[in-house]
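Heads up, the thing below is written out as structure tokens.
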Amino acid sequence: LMKNDRGLVGEVVIVFNLFMISIWVLPQGFGQCVGSLLTLAIIFISWRCRKDTLTDLGIQPKDFCQTKPIFVFISVSFVVIVLLATVVNPGIEKQSEIWLRIRGAIGGYIVWAFFQQLVFQGYFANRLYKASGNRIWPAAITSAAVFSLIHFPNPLLMIGTFYLGIGASYFFLKSRNLYLATLTQAILAPCWKWLILKALSTNAMRVGPGFWQ
């Protein structure tokens, strides 16, 4: 790695550790909120100092060339999730309330999905892409690993976020389109939650020390 690359990696490691400290060390509630806000402030400062543009962040997309591939990714992933759901929860296809919850969750989840993708694609994927010499796959896989580790120790969330992270990061880096990445998470995350996680665990959405509570 060149000197600048080491600086990028070091910055990413610091920001990642600050997120982990917010989750694992600071008191739940106000303490975690303050820690997360300070970490986000550092990310914003990094964007300003490194002169990231709206296109770099995906807010002003470079293009929509990945629309068809990402819809294929979403469709195939949805089918796989449904097939897994029929194994872990037989008869789920007849539980109409589950599908109503998923439909409602998708609409209500879009803003949160956009925020998460802005942080993980606009910051982590961007920095790791530059640090890897502008190589998409290493950046996508590493960014997905970061996304997954922040959900430690919840194994089901870690698996889901790693898979989602690879797909979203790959398509984001190909098109610099944050909206397509957001759509991917907004659709697949509620499906994974209600069809898989809720069927296998009572603490399906907990991370950090709260996972064992």
Side-chain angles (χ1 to χ4, degrees), residues 9-43 77-78 80-92 95 97-102 104-106 108-121 123-125 128 140-169 181-182 184-213:
V9 172
E11 182 186 307
V12 167
V13 170
I14 290 172
V15 171
F16 169 75
N17 283 324
L18 288 174
F19 272 124
M20 296 302 280
I21 289 171
S22 297
I23 295 171
W24 284 89
V25 179
L26 297 180
Q28 293 187 12
F30 181 74
Q32 290 183 340
C33 181
V34 171
S36 297
L37 288 174
L38 288 174
T39 307
L40 293 173
I42 292 173
I43 290 176
S77 300
F78 175 76
V80 171
I81 291 172
V82 171
L83 290 175
L84 287 173
T86 60
V87 174
V88 300
N89 190 3
I92 196 171
Q95 299 177 28
E97 72 279 2
I98 293 291
W99 300 101
L100 289 174
R101 286 177 177 175
I102 291 173
I106 290 173
Y109 189 62
I110 289 177
V111 174
W112 179 233
F114 178 84
F115 175 76
Q116 287 193 56
Q117 290 302 315
L118 177 61
V119 172
F120 282 98
Q121 308 307 339
Y123 179 74
F124 285 105
L128 292 167
I141 293 171
T142 310
S143 178
V146 170
F147 195 28
S148 177
L149 286 171
I150 285 181
H151 293 82
F152 181 83
N154 190 319
L156 296 174
L157 267 181
M158 291 182 71
I159 291 171
T161 51
F162 183 68
Y163 172 79
L164 172 66
I166 291 177
S169 295
T182 298
T184 303
Q185 181 173 348
I187 293 175
L188 295 182
C191 292
W192 184 252
K193 173 185 175 180
W194 288 104
L195 296 178
I196 303 296
L197 271 65
K198 287 291 187 179
L200 295 176
S201 176
T202 56
N203 54 357
M205 302 305 293
R206 294 179 182 176
V207 300
F211 176 74
W212 291 286
Q213 295 178 1

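In this chain, residues are counted from 1 in sequence order. Side chains are part of it too, since the values below use all heavy atoms of this structure and drop only hydrogens, waters and symmetry mates.
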Nearest heavy-atom contact between I23 and P209 is O-CD, 3.5 Å

task = Before giving the answer on side-chain contact (heavy atoms from CB on, under 4.5 Å), spell out for Y109 and Q185 the whole-Å C-alpha distance, their side-chain angles and the decisive distance to 0.1 Å.
result = CA-CA 9 Å; Y109 189 62; Q185 181 173 348; 2.9 Å; yes

Quick one: does W99's side chain get under 4.5 Å of L195's, heavy atoms only? yes

* Asked: For V34 and L26, what are the C-alpha separation, side-chain angles and deciding distance, and is it a side-chain contact (heavy atoms from CB on, under 4.5 Å)?
  -> CA-CA 9 Å; V34 171; L26 297 180; 5.9 Å; no

Problem - Side-chain donor/acceptor of N154 to backbone N/O of R206, under 3.5 Å - result: yes

Within a strict 4.5 Å, meaning less than it, do heavy atoms of the H151 and F162 side chains meet? no

Fill in: Flag, side chain of N89 to backbone of A85, donor-acceptor distance under 3.5 Å
no

Q) Are L164 and F147 side-chain neighbours, meaning at least one heavy-atom pair lies under 4.5 Å? A) yes

Using a 4.5 Å cut-off on heavy atoms from C-beta on, say whether the side chain of F19 contacts that of V146. no

The reported gap from CD1 in I110 to CD1 in I187 (rounded to nearest 0.5 angstrom) is 8.0 Å

Check your understanding: Do the non-hydrogen side-chain atoms of V88 and I196 ever get within less than 4.5 Å of each other?
Key -> yes

So, S143 side chain and A140 main chain: donor-acceptor pair closer than 3.5 Å or not?
-> no

In this structure, OG of S201 is separated from CG of L157 (nearest 0.5 Å) by 8.5 Å

Scanning both residues in full, the closest heavy-atom pair of G165 with A144 reads C-CB, 3.5 Å

Heavy-atom nearest pair, P90 first then Q95, reads O-NE2, 4.5 Å

### Query
Could you go step by step and tell me if L40 and V119 meet the side-chain contact (heavy atoms from CB on, under 4.5 Å) rule?
CA-CA 8 Å; L40 293 173; V119 172; 3.8 Å; yes

S77 and Y163, any side-chain heavy atoms less than 4.5 Å apart:
yes

Rounding to 0.5 Å, atoms CG (L37) and CD1 (I42) come to a distance of 11.5 Å

In short, W194 meets A105 closest at the heavy-atom pair NE1-CB, 4.1 Å

Report yes or no: does T161 contribute a side-chain atom to a donor-acceptor pair with the main-chain N or O of M158 at less than 3.5 Å? yes

Taken to the nearest 0.5 Å, the spacing of W192 CH2 from K198 NZ works out to 14.5 Å

Output for pair (K193 NZ, L156 CG), nearest 0.5 Å, gives 14.0 Å

Smallest heavy-atom separation, T39 atom then G35 atom, equals OG1-O, 2.8 Å

Parallel, tilted or perpendicular: rings of F124 and F120 (30°, 60°)
parallel

Taken to the nearest 0.5 Å, the spacing of I141 CD1 from I166 CD1 works out to 5.5 Å

Looking only at heavy atoms, the pair that brings A168 and Q121 closest together is CB-NE2, 3.7 Å

